[in-house]
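The structure appears right after this line, and notes come after that.
In listed order, ligands and their atoms are each counted from 1. Quick caveat, the model's predicted, so the values are computed rather than measured.
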Amino acid sequence: MALPLYLIGARGCGKTTVGQKLADALGYAFCDTDRHLQQVSGRSVEQIVAAEGWQSFRQQETLALHAVTAPDTVIATGGGMVLAPENCRYMREHGQVIYLNAEAGILAARLEADPEQAQRPTLTGRPIVDEVDEVLAARDTLYQNAAHRVVNAMQSPEGVIEEIITLLALASAG
Ligand code: ADP
Ligand code: MG
């Protein structure tokens, strides 16, 4: 049994896409905290935020993090998971935390090309590029500090997975 792998990073960095493929490659289960929340509450993230506000969403997100934590599991986390120091502590204590790092321009281009993501509520109501830039500026340090490892998420999903598997092999060897 191996510790869970938590993937953290801003919206569009590939937590869901890379996470599912990484789980397949390792023979692990895959969980997504946003998807778990949707299944438990019967609501989408945007519906929870609209009905109950961001604060309530954040509280439910912490519960979701605890609920999906299990051995041999890759866990894709919501982009704002690191905003609560409690969540960062929890992830570092319970598993390996990996930051999928990408520049704002790349994240924005991916989100703009992805209709599902583009429908997500913005924090500011401004154009997506501005928002991504601002969110990243505010959160990059949080992601860096929460992570055991930082990987380059600006390459192909296969490249990201290879980098993670190499890092994990090095970690277990030494
Ligand atoms: P997250 O879960 O971190 O918000 P997603 O996995 O949903 O990000 O990816 C957001 C969008 O970017 C999707 O359309 C996905 O196909 C694309 N994407 C994710 N990772 C990569 C990558 N490494 N290279 C190219 N496109 C990617
Ligand atoms: Mg996702």
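- The N/O atoms of Leu111, backbone and side chain alike, include none that comes under 3.5 Å of an N/O atom in ligand 1.
- Heavy-atom distances between Ser156 and ligand 1 reach below 4.0 Å in at least one pair.
- Counting heavy atoms of neighbouring residues, nucleotides and ligands inside a 6.0 Å radius, atom CD of Glu162 does not exceed 12 of them.
- With a 4.0 Å heavy-atom cut-off, ligand 1 is reached by no atom of Met154.
- Of all the heavy atoms of Asp114, the ones lying under 4.0 Å from any atom of ligand 1 belong exclusively to the side chain.
- Under a 4.0 angstrom heavy-atom cut-off, Ala76 registers as lying outside contact with ligand 1.
- Tyr90 and His66 have parallel rings, their planes meeting at less than 30° on a 0 to 90° scale where 60° marks the start of perpendicular.
- Within ligand 1, the atoms closer than 4.0 Å to a non-hydrogen atom of Pro157 are 22 (C), 23 (N), 24 (N), numbered from 1 in the order shown.
- When the side chains of ILVMFWY residues are joined at heavy-atom separations under 4.5 Å, either directly or via intervening members, Val151 and Ile165 end up in a single hydrophobic cluster.
- Ligand 1 has no N or O atom lying under 3.5 Å from any N or O atom of Arg11, backbone or side chain.
- Distances from the Mg ion (ligand 2) show that Thr16 has an N/O/S atom below 2.8 Å.
- Here Arg89 does not pair with Glu86 in a salt bridge; the nearest charged N to carboxylate O distance is not below 4.0 Å.
- A side chain to side chain contact (heavy atoms under 4.5 Å, CB included) with Ile8 holds for exactly one of Arg139, Met91, Met81; it is Met91.
- With hydrogens and angles disregarded, a donor-acceptor distance shorter than 3.5 Å links the side chain of Thr73 to the backbone of Pro71.
- Side chain of Arg43 to main chain of Ile48: no donor-acceptor pair is present (N/O by atom type, distance under 3.5 Å, no hydrogens or angles).
- Where the criterion is an N or O separation shorter than 3.5 Å, residue side chain and backbone included, Gly14 meets it with respect to ligand 1.
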